[in-house]
2 protein chains.
Amino acid sequence: MKKVTINSVAEYAGVSKKTVSRVLNNEPNVSPATREKVLQVFKELDYKPNPIARGLARNKSFIIGCLYDNPSKSYITRVQSGALEACHKFNYNLLIHPCELRGEELIHNVDQLLTTSRLDGLVLTPPFSDSQELIDFLKTQNVPFARVASALEDESSISVSSNDEQGAYELTEHLISLGHKDIAFIKGHRDHSATEKRFSGYQNALLNHGIEFKESLVAQGNFSYHSGADSAKEILDIEPMPTAVFASNDYMAAAVLKLATQRKLRVPEDISIAGFDNAPIARHIWPGLTTIAQPVEEMTRQAVEQLILQISDPSTEVYQKVLEAKLITRESTAAK
Amino acid sequence: MKKVTINSVAEYAGVSKKTVSRVLNNEPNVSPATREKVLQVFKELDYKPNPIARGLARNKSFIIGCLYDNPSKSYITRVQSGALEACHKFNYNLLIHPCELRGEELIHNVDQLLTTSRLDGLVLTPPFSDSQELIDFLKTQNVPFARVASALEDESSISVSSNDEQGAYELTEHLISLGHKDIAFIKGHRDHSATEKRFSGYQNALLNHGIEFKESLVAQGNFSYHSGADSAKEILDIEPMPTAVFASNDYMAAAVLKLATQRKLRVPEDISIAGFDNAPIARHIWPGLTTIAQPVEEMTRQAVEQLILQISDPSTEVYQKVLEAKLITRESTAAK
DNA sequence: ATGTACTTTGACACCGGTGTCATAATGTCG
DNA sequence: CGACATTATGACACCGGTGTCAAAGTACAT
């Protein structure tokens, strides 16, 4: 079976390559009769244009790359699913590329990625969306990109994020309204901007409700389940034990719940536990976790959609959006 | 800043394109002096070969596609991580493509994928690795592929799987050795070959230990948490209640655990619960789930590695391997 | 010095499309 | 019916690499 190329189609249809190309791209200036004839030959020969050749001629690949370095697998899955939705809508494909934020190698690594597979654009997810170094590099390389959940102020690049600070504020307020005063807090990964935002949401809520902020109630996590388990030990050993724990994501909250349950503490009677993200695990465990629903898929979907629009028309206005985070109450929190 | 191409390098170095190409690909028959000179120019101009042009000339993309349709997100994450490891080892990249097994559209969808991004090969994960229709199609299209966790007998294509039946057998035997006789079973998704294998492992263990198999103790799930929750309801309502539940994966087991806990049953004192896969959730909940560790990453890693070897040298012997699954006991199972 | 074998090098076509521009065909109007 | 504008079409270069093959250069034996 011989390969069907634009040449064979042209020959078979008795027209020039260029005319075939015109039909292929729905360009004007082809007579209806010719167009019909060529389309017919497409069908007859089952012709499929070679995307690589096309890519070479137009300097495009129709592939978007997704950069991530995140201990929370469910976050990544959600990111991917949002990104894929946008990609497929525009007939793009998604290439995934986990890599480490730290080290000299980041830039080199991304550079390598760009040279081994001509990407049309990149979606940056935390913590990459906050890496000024990376962003500067991409700008010098003229690689279009979009930031997801980034806290960086940069009017010149696409950004879709959600209101972390307000979410954390609301969740803390929820705990306060239940009568809690000793609310422990587990911070996220230092490299993620969300970490600071969630923390200040927590602090501000305490402040505005006249509750003293105590450094001793704060543990440092990194968004991984493991770090949550470590922090849980610290927190549950505090005397007197806090009556509520607010972890910066659901994985860490799940770790607290596990340790508490292991220690025969009743949740929420003895201690309330809340997380952030509304990851699947929040509803897969008992009691279900009160948390903040962050529209991860939607953020990424919008970011990638805008990225693709930007790619097809660089004059498109730069899209910047903050989506709402919303409180979800489940069984893990109750009145003191 | 002008683009640096093989032409500019050639001109600058005062040699022909072809010689530059030779140096680029480490081909023989270049004098040491010339090679050195060209390498020097590479550095000076910061030259990076254009992968698309290369792809066109060699008809290669250095991209592997990963096909999946799986309700278990953690399974997908693990698949991806194994696949990425192999890809990066050989300087390939990974493109992910979720799509639905059902419907006429599968073939069309994959066809579309192949035409929009010339992939060098495909990794098929369950349930695609068991789709004879898809496999036949890929063979007619001459697209190299590797099957992960496939039950299909096909000597001519790469396959890496794990011993599902034996794993299920061992887990069931473990429960029997703890004194359980009424062991409920939740089946997985009908389209996955693992479903039948795990089920027969369970049945054979009962048989060999002289325990009567009861259809009434079997529920039909589909590997999703949700289906596990439904099955859990059926099973916990059986009178007398089974003393142990073996779910075909950890998500469904977690759902059983949640419902049991909700109903104030003590696990494992009142009822033992076991899963399959050793997904992260198995150790993120309390009590931790006894389960079968399936080397998902390793299976995929080997499959992709072999796929790439196959691509670079089609005469490579077809690799077929069955990895061991292994019992992990945690707190969710105990003597009756 | 000559013949032979091997290494090094470059000219040129090619991969399968797209962009530019000249030319041919057709339409419009006075 | 001629002058001119507009539409349809194809020839050809080009994107940035790789494959083929012939020619030039070098080494060594005779």
Side-chain angles (χ1 to χ4, degrees), chain A residues 1-39 41-42 45-63 91 114-120 142 312, chain B residues 1-39 41-42 45-63 91 114-120 142 312:
Chain A
M1 195 181 74
K2 256 198 75 200
K3 263 186 296 185
V4 181
T5 72
I6 198 171
N7 291 300
S8 37
V9 170
E11 193 177 346
Y12 193 92
V15 297
S16 73
K17 275 171 86 168
K18 184 60 213 186
T19 299
V20 177
S21 171
R22 286 198 183 91
V23 175
L24 209 51
N25 295 290
N26 266 309
E27 284 173 26
N29 299 336
V30 179
S31 75
T34 312
R35 189 181 297 272
E36 200 48 50
K37 185 172 57 184
V38 173
L39 286 172
V41 176
F42 281 177
L45 302 186
D46 190 25
Y47 169 66
K48 290 163 198 156
N50 180 331
I52 298 196
R54 214 170 202 176
L56 179 59
R58 293 209 288 216
N59 202 23
K60 284 206 56 169
S61 66
F62 292 95
I63 296 178
N91 277 314
L114 293 173
T115 61
T116 58
S117 46
R118 222 65 158 190
L119 301 176
D120 286 348
N142 266 314
S312 16
Chain B
M1 196 180 74
K2 256 199 71 197
K3 263 187 296 185
V4 181
T5 73
I6 199 171
N7 290 301
S8 37
V9 170
E11 192 177 348
Y12 194 92
V15 297
S16 74
K17 274 170 87 168
K18 184 61 212 185
T19 299
V20 176
S21 170
R22 285 197 183 93
V23 174
L24 208 51
N25 295 289
N26 265 310
E27 284 173 26
N29 299 336
V30 179
S31 76
T34 311
R35 188 180 299 272
E36 199 49 49
K37 186 172 57 184
V38 173
L39 286 173
V41 176
F42 281 178
L45 302 187
D46 190 24
Y47 169 66
K48 289 162 200 159
N50 179 329
I52 296 196
R54 215 171 202 175
L56 179 58
R58 294 208 288 216
N59 201 22
K60 284 207 55 169
S61 65
F62 292 95
I63 297 178
N91 278 315
L114 293 172
T115 61
T116 58
S117 47
R118 220 66 158 190
L119 301 175
D120 286 350
N142 265 316
S312 18

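A, B, ... follow the sequence lines: proteins, then strands. Residue 1 opens every chain. Remember, it's a predicted structure, so these values are computed and weren't measured experimentally.
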Rounded to the nearest 0.5 Å, what's the gap from [atom1] on [X] to [atom2] on [Y]? Could you check?
X: B:Ile52; Y: B:Arg118; atom1: CD1; atom2: CZ; value: 13.0 Å
X: B:Thr34; Y: B:Arg22; atom1: OG1; atom2: CZ; value: 10.5 Å
X: B:Lys37; Y: B:Thr19; atom1: NZ; atom2: OG1; value: 9.0 Å
X: B:Leu24; Y: B:Arg54; atom1: CG; atom2: CZ; value: 4.5 Å
X: B:Asn91; Y: A:Thr116; atom1: CG; atom2: OG1; value: 6.5 Å
X: B:Ser61; Y: B:Leu56; atom1: OG; atom2: CG; value: 12.0 Å

Open item on the list: Over the length of the helix from C:dA1-D:dT30 to C:dG30-D:dC1, how much do the five-pair end axes diverge, rounded to 10 degrees?
Closed with: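 Answer for the end axes of this duplex: 50°.
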
- [ ] Evaluate whether atom OH of A:Tyr12 has more than 12 neighbouring non-hydrogen atoms of other residues, nucleotides or ligands under 6.0 angstrom away.
- [x]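 Check fails, neighbour count at 12 or below.
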
Open item on the list: Does atom CD (B:Glu27) have a neighbourhood of more than 12 heavy atoms from anything else shown, all under 6.0 Å?
Closed with: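 More than 12 within 6.0 Å, yes.
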
Task: Per-nucleotide protein contact string for nucleotides 15-23 of chain D (B base, S sugar-phosphate only, - none; heavy atom under 4.0 Å) - done: BBBBBB---

- [ ] Would you tell me if any nitrogen or oxygen in the side chain of B:Thr19 comes within less than 4.0 Å of OP1 or OP2 on C:dG10?
- [x]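 Affirmative; the distance criterion is met.
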
Task: Verdict with supporting geometry, A:Val23 and A:Leu39, side chain to side chain contact (heavy atoms under 4.5 Å, CB included) - done: CA-CA 8 Å; A:Val23 175; A:Leu39 286 172; 3.8 Å; yes

Open item on the list: Using side-chain heavy atoms (C-beta onward) and a distance below 4.5 Å, is A:Asp46 in contact with A:Val4?
Closed with: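 The answer is no, as the side chains (C-beta and beyond) never meet within the 4.5 Å cut-off.
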
Could you write out each protein N or O paired with an N or O of nucleotides 5-8 of chain D at a distance under 3.5 Å?
{"unit_1": "D:dA8", "atom_1": "OP2", "unit_2": "A:Asn29", "atom_2": "OD1", "d": "3.3"}

